Amino acid sequence: MTRLPRIEQYGLIGDMQTSAHVCDDGSIDWLCLPRFDSPAVFAGLLGTQTHGFWQIAPAPSAGRSDAGVVSERRYRGDSLVLESLWRTPSGSVRVLDFMPPRDGVPQVIRIVEGVAGEVPMVSALRPRPGYGSVSPWIHEVGGRMVAEAGADALWLDTGVPQVEKDGVIVSAFAVAAGQSVACVLSWCPSHAAAPEVPDPEAALAETLTFWQDWTQECTYDGPYHEAVVGSLIALKSMTYAPSGGIVAAPTTSLPEVVGGGRNWDYRFTWLRDASVSLAALLGTGYLQEAQAWRRWLLRAVAGDPENLQIMYGIAGERDLRERELPWLPGYEGSTPVRVGNGAADQLQLDVYGELIETLYLAHQSGVAHCADTAVLHQRLIEHLAERWQEPDEGIWEIRGARRHFVHSKVMAWVAVDRTIRLAEAGALALDPGPLVELRETIHHEVCTEGFDPERNTFTQSYGSQELDAATLLIPRVGFLPPNDPRVIGTVDAVRRELSTPDGLVRRYPTIGAHVGVDGLKGDEGAFVLCSFWLVDALALTGRLGEAHARFERLLALRNDLGLLAEEYDTIQQRQLGNFPQAFSHMGLIQSALLLQQLATQSSPHRGAVAIPARGPQQNHNAPTSQHAQPPLFH
């Protein structure tokens, strides 16, 4: 029987330098070592198990060729320790999967614990470095199994016998109630000395303590606490601890529609994604992450803000050239499989707004002033002032002709507006006068060129008929008050024209076999983040009941472990795109914060600040806002 797990069948474990995807049949099908962006040593997720996997599961019973899926699984407490329970005719076992926060070599630890009766188990590990393209040399060294290929060495330690057969390291053992067997996979450079034999139980205790201590810093105490903390853990797990960079997702090429070609590598740090993720962390009390990210930003941009890239490697690398891996058949046949990302060379003006908004939020949250960051900020705003009138590829990284995207211009306005506020507060040593005029100029142009008065909606780009879910952010960033008729018209238009029958939201129209505005053929699923944006827009425009209902619907899309991919297929009822997605979890956190704030009418959470709308109003008779405006993504 062909094995085709759905994306939502996977759980995530990680050590904040890389991560592994564990299926509910006990198989790890994706693991890059030693970093998020390193070549995968298990690439079965994008092919078959011949491309690398590690499965620990009950041995197949009579009449069955597989052990099925787990009976129950969860994360142990508020942690990234995955706990899976198997119930079999002969008894029950629990498998704990985790990666200790790294203090040396990266490790994947799997502890099998007997719960009741006695259960025969099998561990089968097929290492295939180079994204499944290399068959390693597997041999025994001092009672330990090691797989070596090029620069990589994988060491497998366990207390039960191991044999190698046809490139697979197999261990067969039985676990009775009260017994446990640990299996540990460690990576090190092939030329280095063998890693120390691990202590799995000590590592488990240390890992649980780390996550318990970290989650206790959360300041959110609203009604969606479980969902918010789970999403915070997901965001933290996607942070590369040595540098502070945040990956957009820890996978590549999981498709936006099964069988299609919209398959991209997300294992890099987008300025936009990292900025809005940091805003979510700031809003829940996590300041150290903001400080680490700010240092990452200074190193990545260096002395060259005029050539700002929209994404960098997790340690600040600039060369992210895109290529295809033809030997991988792709997730459920979705090709091509890509590594690297050509969008790194695009012009996306909105990133200036997201960057500067995050610096503004950090200042409001009490992150200490940084003179070097202030210099970088001034150079960024000077460069934006020179380029804001250019067309760009926009937030959705189109691969067609550049356009004057409304969202890009709105975010240019945000960059200027927040810079003015910081200057007026004495946090930036510059004269805000010229920027006030620029802010008014951008505002007037957007309201004139990007608004369709006949349909009463902002459009995707100047002069276009297409809509764009990103315009839902107009009231969120304070560009216009939420009760402005143009805002309400835009929200209604997006809800009418971009919503699916069950209330999720697409980014913009796609036209199947024909090339659309994004320069690509094919369709995609509903975009989870955009669906959270609609929640926010409805809440801000006074429709709290509908906002809460949509938010609850979005929570129901999470898998059993609380994880969200980038998109959702409303027809096949399944998750799509890279997984888990920082954008999706950031959207969940921000919507929960906003709903709580508006429900209680109390002051915003720590790290938030009221952002009233500014700039000239096209409709001078529009009513003023009834609610204080929270900042971008907050």
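Nothing fancy with the numbering, it's 1 onward along the sequence. Everything numeric here is computed off the predicted structure, so don't read it as measured data.
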Rounded to the nearest 0.5 Å, what separation is found between the [atom1] atom of [X] and the [atom2] atom of [Y]?
| X | Y | atom1 | atom2 | value |
| --- | --- | --- | --- | --- |
| D345 | E322 | CG | CD | 10.0 Å |
| D221 | T284 | CG | OG1 | 11.5 Å |
| S277 | K236 | OG | NZ | 12.5 Å |
| N578 | L254 | CG | CG | 5.0 Å |
| L576 | Y568 | CG | OH | 9.0 Å |
| I395 | W270 | CD1 | CH2 | 12.5 Å |

Establish, from distance only, whether the side-chain atoms of [X] and [Y] form a donor-acceptor pair under 3.5 Å.
| X | Y | result |
| --- | --- | --- |
| S591 | D536 | yes |
| E566 | Y266 | yes |
| R543 | T541 | yes |
| R272 | Q348 | yes |
| D502 | T500 | yes |
| R402 | Q346 | no |
| S408 | D392 | yes |
| D29 | Q55 | no |

- Task: Give the ring-plane orientation class for H404 versus Y462, where under 30° counts as parallel, over 60° as perpendicular and anything between as tilted.
- Result: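 H404 vs Y462 ring planes: parallel.
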- Determine the interplanar angle of the Y508 and W396 rings, folded into 0 to 90°, and report it as parallel if under 30°, tilted if 30 to 60°, perpendicular if over 60°.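 Taking W396 first and then Y508, their aromatic rings sit tilted (interplane angle of 30° to 60°).
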With a 4.0 Å cut-off, would you call [X] and [Y] a salt bridge?
| X | Y | value |
| --- | --- | --- |
| E332 | R6 | no |
| E466 | R403 | yes |
| R506 | E567 | no |

- Start with the C-alpha gap between V247 and F268, add the side-chain angles, then the distance that decides, and say whether side-chain contact (heavy atoms from CB on, under 4.5 Å) holds. CA-CA 5 Å; V247 296; F268 307 112; over 6 Å; no
Under 3.5 Å donor-acceptor, [X] side chain and [Y] backbone:
| X | Y | value |
| --- | --- | --- |
| R323 | G340 | no |
| T18 | C32 | yes |
| N559 | L564 | no |
| H21 | G11 | no |
| R455 | Q465 | yes |
| D569 | Q572 | yes |
| S237 | G14 | no |
| S584 | V528 | no |
| S461 | F405 | no |
| D273 | I246 | no |

- Given side-chain contact (heavy atoms from CB on, under 4.5 Å), test H51 with L46 step by step and report yes or no. CA-CA 8 Å; H51 298 100; L46 299 179; over 6 Å; no
- Item | Minimum side-chain heavy-atom gap Y75-V81 below 4.5 Å |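 Answer no - side chains too far apart.
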- Task: Indicate yes or no: at least one non-hydrogen side-chain atom of D468 is less than 4.5 angstrom from one of H407.
- Result: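 Not touching, per the 4.5 Å side-chain cut-off.
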Determine whether the aromatic ring centres of residues [Y] and [X] are separated by less than 6.0 angstrom.
| X | Y | result |
| --- | --- | --- |
| Y331 | W30 | no |
| F53 | F42 | no |
| Y224 | F551 | yes |

- For L232 and I589, what are the C-alpha separation, side-chain angles and deciding distance, and is it a side-chain contact (heavy atoms from CB on, under 4.5 Å)? CA-CA 8 Å; L232 286 169; I589 295 167; 3.6 Å; yes
- Task: Write down the atom of R73, the atom of E8, and the distance for their closest heavy-atom approach.
- Result: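 Looking at all heavy atoms of both residues, the shortest contact is NH2-O, 3.4 Å.
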- L529 to G587 - nearest heavy-atom pair and separation: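 Nearest heavy atoms, L529 then G587: CD1-CA, 3.8 Å.
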- Task: Kindly indicate, with the supporting measurements, whether the criterion side-chain contact (heavy atoms from CB on, under 4.5 Å) is fulfilled by I442 and E445.
- Result: CA-CA 5 Å; I442 297 173; E445 181 179 292; 5.9 Å; no
- Query: Does CZ belonging to R74 count more than 12 external heavy atoms closer than 6.0 Å?
  - Reply: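 12 or below, so no.
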- May I have the step-by-step check of ring pair (Phe, Tyr, Trp, His ring centres under 6.0 Å) for W533 and F583, ending in yes or no? CA-CA 11 Å; W533 285 348; F583 251 172; 7.1 Å; no
